[in-house]
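Please read the structure below before turning to the comments.
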Amino acid sequence: MLDIKFVQENLDLVIRKTASKGMEINLTAFKNLIAEKKAQLQKVEALRFELNKTSKLIGRMKMDKEDALSEIAAMKKVSEETRILEEKLKTVDEELKSILLNIPNIPHESVPEGLSPENNEEVRMWGEKPKFSFSPKPHWEIGKNLGILDFERASKITGSRFVVYLGKGALLERALINFMLDIHTREKGYIEVIPPFIVNEISLTGTGNLPKFEDDLFKLQGLSWYLIPTAEVPLTNYYRDEILEKESLPQRFVAYTPCFRSEAGSYGKDVRGLVRQHQFNKVELMTFSSPENSYVELEKLTSDAEDILKRLGLHYRVVVLCSGDLGFSGAKTYDLELWMPHRDKFLEISSCTNCEDFQARRANIRFRSETKSKPQFVHTLNGSGLALGRTVSAILESYQQKDGSVVVPKALQPYMNGLEKIE
RNA sequence: GGAGAGGUGGCCGAGUGGUUGAAGGCGGCGGUCUCGAAAAUCGCUAUUCUGGAUUUCCCAGGAUCGUGGGUUCGAAUCCCACCCUCUCCGCCA
């Protein structure tokens with residue numbers, strides 16, 4: 001959520017920046033509501049003043065055993081009048097809030113303008129495309145042939161866009177999770193968290209998933225609870241409505257969780273194999289930072305995620321997302337994109353985002369820079385470190401051999417009982 | 001799921017209809033004392049909104065005691081609903 005005052009004072013800027021994200025908003029209603037709110041508020045406050053003052057007088061008169069009937073009668077009227085105005089004011093406030101909740105975050109000044117992914121800018125590239133003496137197979141074929149991925153039985157158990165990991169496949173997934181968690185906790189200074197996989201509406205509003213993107217979520221029937229689409233939601237809300245000490249910042253968390261996404265409306269796009277599942281595993285990085293350090297933290301978080309790819313020896317590149325490709329809550333995002341040999345293309349594996357104070361304002365997460373100073377909003381950052389399914393698919397495709405086997409990356413072998421090859 | 005208790009400021013905790021934004025304590029900040037520190041002692045110590053001004057904390061005012069309603073001239077205090085926490089019982093990995 002943007003600061004209401006900021007929006008008020010920068011209407012044109014907000015409209016322009018929102019447009020640069022590919023969203024159109026009309027702030028005429030907002031402008032009118034603000035004016036109406038001010039007028040109503042002043043009336044209500046004047047009435048309340050009178051009410052408070054006279055009520056105290058009545059109290060004193062009663063203690064002195066004086067007769068206060070005329071005052072009470074007068075205040076009865078004022079009280080009724082106040083109530084009517086308060087109701088109007090409440091409606092106005094609710095409308096304002098709902099407009100604000102639907103305005104996306106404003107891109108950072110370093111973000112390139114543009115509406116389509118072609119306007120994303122490559123920041124750096126690491127490694128090289130693996131070379132094959134044969135034409136590389138897609139990961140779903142490799143996985144099926146090795147008997148480690150079973151899409152057919154998953155769709156019997158649940159439906160499409162689910163998968164069963166089997167044997168060495170399950171081991172590979174588990175090894176990757178442990179590998180990532182170990183590096184982030186032992187070497188990069190993150191605290192490991194296992195959060196709830198179910199969250200409430202308030203938490204999802206805090207991160208910006210609600211109210212706008214309810215369709216992307218799985219909601220539990222009859223409850224206001226949802227399956228998490230990412231660990232970002234429980235992690236960010238860990239400190240909701242709290243005031244942190246400045247010395248405690250930055251705070252860095254890492255969590256492995258499954259993620260659940262309805263993927264409504266994504267039919268036909270990247271649907272094969274492990275790329276777009278309703279349920280997938282992810283190791284998520286999350287940082288609470290002071291405002292002045294958040295862009296340093298963004299670089300750290302991004303390079304921590306990259307380090308996993310380097311150790312796995314996977315060819316990737318880093319792009320900075322253009323304004324139009326940025327998510328709703330993000331001010332700046334680096335995408336890590338993995339090389340997928342069969343597709344002959346890069347595929348997003350991690351989005352490292354600085355949300356600045358957008359989520360913190362929604363979730364009311366603040367810190368005090370000095371003991372006496374006023375609390376201000378923290379900056380929140382998150383990024384995958386990394387998404388598991390896509391990592392597995394890149395490993396299968398990049399390390400595949402002519403005979404259909406897959407070599408296990410060196411760094412991963414200790415996590416797989418020394419296994420060097422899946423065959 | 002059943003029965004009970006409770007939710008108050010950064011934290012603990014008093015407060016059951018009338019100057020209570022809220023006693024007391026802890027923590028923090030500042031002063032006195034001290035060569036210095038501790039102890040003692042005194043003072044300050046919530047957030048947010050509106051209007052004004054000599055425009056960043058100066059003045060006036062509003063809101064906030066889990067959340068939302070209600071009663072009342074007046075609610076932290078009474079009533080209703082919901083949420084959450086704790087204890088006991090039941091069930092269960």
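Every chain is numbered from 1, with letters handed out A, B, ... down the list of sequences. These values consider heavy atoms only, across backbone and side chains, with no hydrogens, waters or symmetry-generated copies.
- For the pair A:Leu47 CG and B:A63 P, the computed distance is 12 Å after rounding to whole Å.
- Residue A:Lys56 has its side chain nearest to B:G21 when only B:G74, B:G21, B:C73 are considered.
- At a threshold of 4.5 Å between non-hydrogen side-chain atoms, the residues A:Phe288 and A:Leu249 count as touching.
- Comparing atom distances between the A:Phe49 side chain and each of B:G62, B:C73, B:U47 picks out B:G62 as nearest.
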Extract all donor-acceptor atom pairs below 3.5 Å that involve side chains of residues 97-113 of chain A and protein atoms in other chains or at least two apart in sequence.
from, atom 1, to, atom 2, distance (Å)
A:Asn102, ND2, A:Ser98, O, 2.7
A:Asn105, ND2, A:Ser329, O, 3.0
A:Asn105, ND2, A:Cys355, O, 3.1
A:His108, ND1, A:Ser110, N, 3.2
A:His108, ND1, A:Ser110, OG, 2.8
A:Ser110, OG, A:Lys332, NZ, 2.9

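- A:Glu45 contributes a side-chain N or O that forms a donor-acceptor pair with the base of B:G61 under 3.5 Å.
- Only the P atoms considered, B:G4 is 27 Å distant from B:G9, to the nearest whole Å.
- The side chain of A:Ser79 places an N or O atom within less than 4.0 Å of a non-bridging phosphate oxygen (OP1 or OP2) of B:G74.
- Of the C1' atoms belonging to B:C89 and B:A75, the separation is 37 Å, rounded to the nearest Å.
- Taking atom P in both B:A76 and B:G68, one finds a spacing of 13 Å when rounded to whole Å.
- Between A:Arg48 and B:C49, a side-chain N or O to OP1/OP2 separation shorter than 4.0 Å is absent.
- A:Ile58 comes within 4.0 angstrom of a base, heavy atoms only.
- In this structure, CG of A:Asp3 is placed 12 Å from C1' of B:U48, rounded to the nearest angstrom.
- The pair A:Asp304-A:Lys300 meets the salt-bridge criterion, since a charged nitrogen lies less than 4.0 angstrom from a carboxylate oxygen.
- Nucleic acid contact for A:Lys38: sugar-phosphate only, since backbone atoms but no base atoms lie under 4.0 Å from a heavy atom of the residue.
- Separation of the P atoms belonging to B:A60 and B:U45 is 15 Å when rounded to the nearest angstrom.
- If you take CD of A:Glu247 and C1' of B:G27, they are 14 Å apart, rounded to a whole angstrom.
- Put simply, A:Asn52 has no side-chain N or O that comes within less than 4.0 Å of OP1 or OP2 on B:U19.
- Taking 4.0 Å as the cut-off between side-chain N and carboxylate O, A:Lys246 and A:Glu292 count as a salt-bridged pair.
- In this structure, A:Lys53 satisfies the cation-pi test against A:Phe49, with its NZ or CZ atom closer than 6.0 Å to the six-membered ring centre and inside 45 degrees of the ring normal.
- Considering only the side chain of A:Leu41, B:U50 comes nearest among B:C73, B:G62, B:U50.
- Between A:Lys144 and A:Asp150 there is no salt bridge, since no side-chain nitrogen of the basic residue lies less than 4.0 Å from a carboxylate oxygen of the acidic one.
- One P atom belongs to B:U47, the other to B:A22, and the distance between them is 14 Å to the nearest Å.
- At least one donor-acceptor pair closer than 3.5 Å links the side chain of A:Asn145 to the backbone N or O of A:Glu141.
- Summarising the geometry, the separation between CD on A:Glu86 and P on B:G68 is reported as 13 Å, rounded to the nearest angstrom.
- Residue A:Arg240 contributes atom CZ, which lies 14 Å from atom P of B:U67 at whole-angstrom precision.
- Counting non-hydrogen atoms under 4.0 angstrom, A:Glu71 reaches nothing in the nucleic acid.
- Candidate nucleotides B:G18, B:G10, B:U47 were compared by shortest atom distance to the side chain of A:Met63, and B:G18 ranks first.
- Remark: the backbone N or O of A:His342 is paired with a side-chain donor or acceptor of A:Glu397 at under 3.5 angstrom.
- Toward the 5′ end of RNA chain B lies the nearest nucleotide of A:Arg60, the other residue of the pair A:Lys76 and A:Arg60 mapping further downstream.
- Taking 4.0 Å as the cut-off between side-chain N and carboxylate O, A:Asp64 and A:Arg60 do not count as a salt-bridged pair.
- As rounded to whole Å, 12 Å separates atom P of B:G62 from atom CD of A:Glu50.
- Within 4.0 Å of A:Lys5, counting heavy atoms only, lie sugar-phosphate atoms of the nucleic acid but no base atom.
- At whole-Å resolution of the value, CD1 in A:Ile72 and P in B:G17 are 17 Å apart.
- To the nearest whole angstrom, the two C1' atoms, one in B:C33 and one in B:C42, are 11 Å apart.
- Close to B:G18, at under 4.0 Å from its OP1 or OP2, lies no side-chain N or O of A:Lys62.
- At a threshold of 4.0 angstrom between heavy atoms, the contacts of A:Lys90 are confined to the sugar-phosphate backbone, with no base atom among them.
- If you check every strand for non-hydrogen atoms under 4.0 Å, A:Arg366 touches sugar and phosphate atoms only.
- A salt bridge is defined here as a Lys NZ or Arg NE, NH1 or NH2 lying under 4.0 Å from an Asp or Glu carboxylate O, and A:Glu242 with A:Arg366 fails to meet this definition.
- Rounded to whole Å, the distance from CG on A:Asp241 to P on B:U48 is 14 Å.
- B:C65 and B:A14 have their C1' atoms separated by 12 Å, given to the nearest Å.
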Intra- and inter-strand pairs of RNA chain B in dot-bracket (Watson-Crick or G-U wobble, both distances under 3.5 Å; | for another strand)
((((((((.[[[..)..(.....]]]((((((.......))))))(((((((.....))))))).[[[[[..)....]]]]])))))))....

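- The separation of B:G25 from B:U19, taken at their C1' atoms, amounts to 25 Å, rounded to a whole angstrom.
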